[in-house]
Student: 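Pasting a structure here, questions to come.
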Amino acid sequence: MLKILYIIGTLFQHLWFVRLLSISYLHAPKNKSCMIADTLDINIQQVSKSRLEEVDFQNLPFGRVFSDHMFVMNYEGGKWDHARIEGFKSLSMSPATSVLHYGQAIFEGLKAHKSKDGEVLLFRPQDNARRLNQSAIRMCMPEIPESLFMEALTKLIDVDRGWVPDSAGSALYIRPFMIAVDEYVGIRPSDNYTFIIFTCPVNAYYTEPLHVKIEEKYSRASSGGTGYAKASGNYAASLYPAKLAQEEGYRQLIWTDSSEHKYIEESGTMNICFVMGNRLITPKSSDTILAGITKDSVTTIARDWGMEVEDRRVSVDEVVQALKDGQISEAFGAGTAATIAQIESITFRENTYNLPGKENRTFSNKLYDYLDNLKRGALDDAHNWIIKV
Ligand code: PLP
Ligand code: COI
């Protein structure tokens with residue numbers, strides 16, 4: 001019965017509460033981590049003096065300004081406990097802490113926006129909770145029931161609601177993450193973990209349209225690996241090839257499959273979409289491609305707008321041929337931090353293909369505005385993506 005509820009909840013994303021009801025029970029017998037309560041007694045200790053007035057909201061660099069509070073809880077003795085909201089501060093840990101050596105760490109990224117009436121709105125947070133658990137399973141880490149994740153998240157955002165910016169293009173970026181904290185210099189899954197959520201008021205991650213390069217030598221993920229998980233090590237491993245590309249003048253890479261480098265995968269911080277006429281084409285999520293929540297929103301909206309959506313394997317050859325033939329009218333990345341990030345040019349081997357100017361990109365410009373308005377509560381939330389805090 002619970003399995004059926006879960007499948008219904010997964011098929012019909014707007015029935016998230018059905019999934020929410022079923023998922024914690026469904027996962028319970030499989031993982032020792034789920035011997036946990038579904039509700040939390042969160043001890044809230046507010047800071048005595050807010051740093052809010054020191055912040056220049058007109059000039060927000062991405063990811064460098066941190067809100068007053070963070071949520072913390074510990075996994076010890078097979079259960080999540082000591083849930084608390086406290087002042088944002090440094091962590092203290094032993095040099096022998098497991099995560100520092102073996103990288104057993106996962107994270108998520110989502111955003112809160114402010115409506116014109118001052119309400120604080122979260123965009124699809126249950127999807128982040130679900131993906132965090134998928135990452136946790138892959139990395140031998142304990143899951144967190146969605147209800148518990150949601151409670152922690154909404155309480156934290158409520159405490160720091162004054163930090164949610166309201167100017168165009170800005171948002172409160174939310175970073176949940178989990179680390180292995182056993183003090184042990186041996187390789188095995190940790191017994192103890194810390195889960196934290198902190199937040200940063202941000203502006204756009206990419207401020208300019210991007211020049212990107214199709215990567216054929218290095219790989220981000222391989223089949224059977226951790227590419228579909230938001231595992232911290234995936235990002236560490238991609239720094240070197242990204243740095244080489246940046247030295248050549250590219251802002252980002254477009255990764256290709258690791259076995260043949262014949263298929264487009266994704267970029268370092270976002271999924272990739274191409275527009276050809278009335279078609280939206282995007283590489284299908286797989287075990288090497290992160291199942292982006294923004295991309296899922298983009299394909300859903302595109303279908304709503306009557307576009308043909310091709311969510312499938314996309315070969316490098318067909319993209320390069322379409323670029324040569326001038327058939328690609330728009331290319332963009334989709335991600336929480338990146339939002340809808342326009343791609344200005346794509347380089348493959350020695351050839352650079354410039355895409356039509358930003359002003360001519362009918363679909364992605366309309367999509368950007370639509371998503372921004374939706375996240376700010378200015379449009380009908382037909383898919384039940386918005387959660388009011
Ligand atoms: N791919 C990678 C590697 C990412 O880091 C991200 C960002 O989270 C995405 C895709 C886009 O995912 P989402 O839209 O859920 O943020
Ligand atoms: C996000 O978009 O939330 C990401 O995790 C990308 C990133 C800033 C690494």
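Atoms within a ligand are numbered from 1 in the order they appear, just like the ligands themselves.
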Student: Within ligand 2, which atoms have a heavy atom of R175 less than 4.0 Å away?
Tutor: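 Those atoms are 5 (O).
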
Student: Using a 4.0 Å cutoff against the non-hydrogen atoms of F107, which atoms of ligand 2 qualify?
Tutor: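 It comes down to these atoms of ligand 2: 5 (O).
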
Student: Return the closest protein heavy atom for atom 9 (C) of ligand 2 as residue, atom name and distance.
Tutor: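 The closest one turns out to be Y235 CE2, 4.0 Å.
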
Student: Do F107 and Y235 have ring centroids that are under 6.0 Å from one another?
Tutor: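 That pair passes the under 6.0 Å test.
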
Student: If we count only N and O atoms by modelled type, under 3.5 Å, do the side chains of N384 and R124 hold a donor and an acceptor together?
Tutor: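 Distance-only check fails for N384 and R124.
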
Student: Counting non-hydrogen protein atoms only, what is the nearest one to atom 14 (O) of ligand 1? Give residue, atom name and distance.
Tutor: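 In this structure, atom 14 (O) of ligand 1 has T294 OG1, 2.6 Å as its nearest protein heavy atom.
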
Student: Quick test of your reading of the structure: of K230, R220, R124, M270, whose heavy atom lies closest to atom 7 (C) of ligand 1?
Tutor: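 Comparing heavy atoms across K230, R220, R124, M270, the nearest one to atom 7 (C) of ligand 1 lies in K230.
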
Student: For L290, which part has a heavy atom under 4.0 Å from ligand 1: side chain, backbone, both, or neither?
Tutor: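 Contact part for L290 vs ligand 1: side chain (C-beta onward).
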
Student: Quick check on contacts: which atoms of ligand 2 are under 4.0 angstrom from a heavy atom of T336?
Tutor: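 So the answer, numbered in order with elements, is 2 (O), 3 (O).
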
Student: Testing N373, D372, I386 one by one against L379 for a side-chain contact (heavy atoms from CB on, under 4.5 Å), which residue passes?
Tutor: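 One option only clears the test, and that one is N373.
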
Student: Tell me: protein heavy atom nearest atom 5 (O) of ligand 1, and distance?
Tutor: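 Residue, atom and distance for the closest contact: Y235 OH, 2.6 Å.
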
Student: State the CD1-CD1 distance between I346 and I328, to the nearest 0.5 angstrom.
Tutor: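 Spacing of CD1 (I346) from CD1 (I328) equals 6.0 Å.
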
Student: Taking atom types as modelled and ignoring hydrogens, do the side chains of T256 and E265 form a donor-acceptor contact shorter than 3.5 angstrom?
Tutor: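 No donor-acceptor contact under 3.5 Å links the two side chains.
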
Student: Can you check whether G335 has an N/O within less than 3.5 Å of an N/O in ligand 2?
Tutor: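 N/O-N/O distance under 3.5 Å: no.
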
Student: With a 3.5 Å cut-off and no angle check, do the side chains of E330 and S364 form a donor-acceptor pair?
Tutor: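 Note: E330 and S364 side chains meet the donor-acceptor criterion.
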
Student: Could you tell me the residue and atom name of the protein heavy atom closest to atom 6 (C) of ligand 1, and the distance to it rounded to 0.1 Å?
Tutor: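 Ranked first by proximity to atom 6 (C) of ligand 1 is T269 O, 3.3 Å.
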
Student: Identify, for atom 3 (O) of ligand 2, the protein heavy atom at the shortest distance, and state residue, atom and that distance.
Tutor: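 Of the protein heavy atoms, Y173 OH, 2.5 Å lies nearest.
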
Student: Would you check whether A337 has a nitrogen or oxygen atom less than 3.5 angstrom from a nitrogen or oxygen atom of ligand 1?
Tutor: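 No, since none of the N or O atoms of A337 sits under 3.5 Å from an N or O of ligand 1.
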
Student: Give a yes/no verdict on whether any heavy atom in E108 is under 4.0 Å from an atom of ligand 2.
Tutor: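 Flag not set, E108 not near ligand 2.
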
Student: Is K375 close enough and on-axis enough to F123, meaning under 6.0 Å and within 45°, for cation-pi?
Tutor: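 Satisfied, under 6.0 Å and within 45°.
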
Student: Is any side-chain N of the basic residue among E216 and R349 closer than 4.0 Å to the acidic one's carboxylate O?
Tutor: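 Here E216 pairs with R349 in a salt bridge, since their nearest N and O are under 4.0 Å apart.
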
Student: Which protein non-hydrogen atom lies closest to atom 2 (O) of ligand 2, naming both residue and atom, and how far is it?
Tutor: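 The answer is A337 N, 2.8 Å.
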
Student: Heavy atoms only, cut-off 4.0 Å: how does A334 contact ligand 1, side chain, backbone, both, or neither?
Tutor: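 Near ligand 1, A334 shows its backbone, while the atoms from C-beta on stay back.
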
Student: I'd like the name of whichever of E266, K111, R131, E108 reaches closest to atom 2 (C) of ligand 1 through any heavy atom.
Tutor: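 The nearest heavy atom belongs to E266.
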
Student: Just to be sure I'm reading this right: ignoring hydrogens, which of L110, T269, N128 gets closest to atom 6 (C) of ligand 2? Compare them by their nearest heavy atoms.
Tutor: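 Comparing heavy atoms across L110, T269, N128, the nearest one to atom 6 (C) of ligand 2 lies in T269.
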
Student: Is M270 near ligand 2, meaning one of its heavy atoms is under 4.0 Å from it?
Tutor: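 M270 does not count as a contact of ligand 2 under the 4.0 Å cut-off.
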
Student: Hey, is K213 close enough to E248 for a salt bridge, meaning N to O under 4.0 Å?
Tutor: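 A salt bridge is present here (some side-chain N lies under 4.0 Å from a carboxylate O).
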
Student: Under 6.0 Å between the ring centres of Y370 and W305?
Tutor: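 Aromatic pair counts; centres sit under 6.0 Å.
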
Student: Is the distance from the ring center of F66 to that of F198 below 6.0 Å?
Tutor: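 When the ring centroids of F66 and F198 are compared, they turn out to be within the sub-6.0 Å range.
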
Student: Nearest protein heavy atom to atom 16 (O) of ligand 1, by residue and atom, and its distance?
Tutor: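 Answer, as residue, atom name and distance: T336 OG1, 2.6 Å.
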
Student: Distance to the ring centre below 6.0 angstrom and angle to the axis at most 45 degrees; does that hold for R175 and Y173?
Tutor: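 No.
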
Student: Going by the order shown, which atoms of ligand 1 are within less than 4.0 Å of some heavy atom of G292?
Tutor: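 Near G292, meaning under 4.0 Å from one of its heavy atoms, ligand 1 has 12 (O), 13 (P), 14 (O), 15 (O).
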
Student: Only heavy atoms of K230, strictly under 4.0 Å: list the atoms of ligand 2 that pass.
Tutor: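 The list of qualifying atoms is 4 (C), 5 (O).
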
Student: Identify whether NZ of Lys or CZ of Arg in R313 sits under 6.0 Å from the centre of the six-membered ring of Y263 and within 45° of that ring's axis.
Tutor: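 Judged by the rule, R313 and Y263 form a cation-pi pair.
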
